[in-house]
Amino acid sequence: MRVGRLIALAAFACGLALAASPASSVVGGREGGPVSGSTLMVLNARGGVCTGIVLSARTVLTAAHCAAGGTELRIHWKDGGGEPVLIAPASVALHPEFKANAVAARQRSIDLALIRLGEALPSRFVPAALVDGPAPRAGAAVALAGYGVAREGEARSTGLYRSVDLVAIEPYGPGRILLWATDAGGAGKRPGPGACQGDSGGPMTSADGAIVAVTSWSTGPAGKSCGLLSQGVLVAPQRSWIDGTLSRWGQSASWTQGR
């Protein structure tokens with residue numbers, strides 16, 4: 001990464017530490033939430049923000065569209081004194097079925113990426129548990145969390161871990177690879193809480209707190225990108241790729257059958 005880009009990332013991380021406010025959200029949610037000790041931020045040199053899920057001391061799971069820049073990324077968190085920490089990835093693996101233009105082209109895409117770190121994360125980060133089991137049924141409780149904006153279009157509201165309680169809806173698509181969720185009150189037809197910019201790569205968890213999907217996309221009312229539906233990639237159908245990639249890196253993930 002060029003020095004200028006690295007300086008820009010460092011400045012951006014410092015800005016996050018100063019600018020984040022306690023206003024409610026993941027767009028309409030609350031501060032804190034499930035698996036907060038297993039998440040961090042993924043920053044790119046263009047100022048983009050995503051969320052990442054810790055799978056082991058040296059590996060992070062996120063959305064592929066967040067990591068498409070390869071090693072021109074930084075894994076970010078704040079230390080015990082509130083100072084920003086930036087770590088460069090040693091390597092990045094995009095899911096082989098990821099297509100960057102999938103939404104516009106209406107194509108099937110597996111929007112997942114794994115990031116390998118050259119140094120171990122601090123012990124305060126706890127590896128998350130992934131669900132290897134059926135997708136939640138329609139109406140089942142799903143919690144969504146991430147470091148995204150509290151209000152759509154307001155980048156300065158990024159940087160606090162927030163969560164919201166949603167419900168699963170159907171259909172999941174012909175490939176059964178996606179989880180769609182929405183605010184129970186709005187039912188995907190009226191604006192409500194959900195994922196927004198910066199939450200991509202974050203966890204969607206079942207009632208027991210295990211991760212069933214990784215947030216990848218959201219929809220909103222006319223002229224908006226957030227507030228109606230939140231979409232995630234189910235992790236169970238991708239276990240073979242996740243485990244195979246981690247094994248080549250000498251790492252492993254924790255899996256549960258869920259409830």
Side-chain angles (χ1 to χ4, degrees), residues 22-39 49-53 61-63 65-66 103 111-112 128-154 157-158 160-173 175-222 224-238 256 258-259:
S24 63
S25 208
V26 164
V27 178
R30 61 186 181 276
E31 187 175 338
V35 299
S36 59
S38 305
T39 61
V49 176
C50 282
T51 302
I53 302 166
L61 176 65
T62 190
H65 73 263
C66 298
V103 174
D111 192 4
L112 292 179
L130 306 178
V131 173
D132 184 12
R137 294 180 178 275
V142 175
L144 183 150
Y147 290 93
V149 295
R151 295 165 295 278
E152 184 172 355
E154 295 187 22
S157 65
T158 302
L160 282 181
Y161 191 70
R162 305 179 179 98
S163 62
V164 65
D165 295 324
L166 305 175
V167 294
I169 60 174
E170 291 181 316
Y172 300 111
R176 298 284 173 173
I177 61 172
L178 300 176
L179 170 62
W180 289 87
T182 187
D183 168 54
K189 298 179 181 179
R190 297 187 303 278
C196 205
Q197 292 94 354
D199 296 318
S200 291
M204 298 177 73
T205 62
S206 56
D208 61 359
I211 295 170
V212 293
V214 175
T215 302
S216 61
W217 195 54
S218 63
T219 69
K224 301 288 185 180
S225 299
C226 316
L228 291 181
L229 302 175
S230 299
Q231 179 198 87
V233 179
L234 292 163
V235 295
Q238 310 310 323
T256 177
R259 289 190 278 118

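Note that the structure is predicted; figures quoted are calculated from it, not measured. All values below were derived from every heavy atom in this structure, side-chain atoms included, with hydrogens, water molecules and symmetry-related copies excluded.
Summarising the geometry of R30 relative to V164, their closest heavy-atom pair is NH1-CA, 3.9 Å, with the distance given to 0.1 Å. Nearest heavy-atom pair, T51 versus G198, reported as atom, atom and distance to 0.1 Å: OG1-O, 2.9 Å. The minimum heavy-atom distance linking P203 with Y161 is given by the pair CG-OH, 3.5 Å. Of all non-hydrogen atoms in G232 and A213, the two that sit nearest each other are C-CB, 4.0 Å. Of all the heavy atoms in Q197 and S225, the pair that sits closest is NE2-CB, 4.2 Å. When every heavy atom of I53 is checked against every heavy atom of G202, the shortest pair comes out as CD1-C, 3.8 Å.
Remark: side-chain polar atoms of T219 are paired, donor with acceptor, to backbone N or O of L229 under 3.5 angstrom. Judged by distance alone, with hydrogens and angles left aside, the side-chain atoms of S230 form a donor-acceptor pair with the main-chain N or O of A195 at under 3.5 Å. The backbone N or O of V233 sits nowhere less than 3.5 Å from a side-chain atom of D111 that would complete a donor-acceptor pair. A donor-acceptor pair is defined here as one N or O able to donate and one able to accept, closer than 3.5 Å; such a pair exists between the side chain of T182 and the backbone of L228.
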Set out, in order, the CA-CA distance, both residues' side-chain angles and the distance that settles side-chain contact (heavy atoms from CB on, under 4.5 Å) for M204 and T215, then state yes or no. CA-CA 6 Å; M204 298 177 73; T215 302; 3.3 Å; yes
Apply salt bridge (charged side-chain N to carboxylate O under 4.0 Å, His left out) to R162 and D199, showing your working. CA-CA 9 Å; R162 305 179 179 98; D199 296 318; over 6 Å; no
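If you take CG on L130 and CG on L61, they are separated by 6.5 Å, rounding to the nearest 0.5 Å. Here the OG1 atom belonging to T256 is positioned 9.0 Å from the CG atom belonging to D132, to the nearest 0.5 angstrom.
Ring geometry for W217 against W180 counts as perpendicular: the plane angle is over 60°, on a 0 to 90° scale with 30° as the lower cut.
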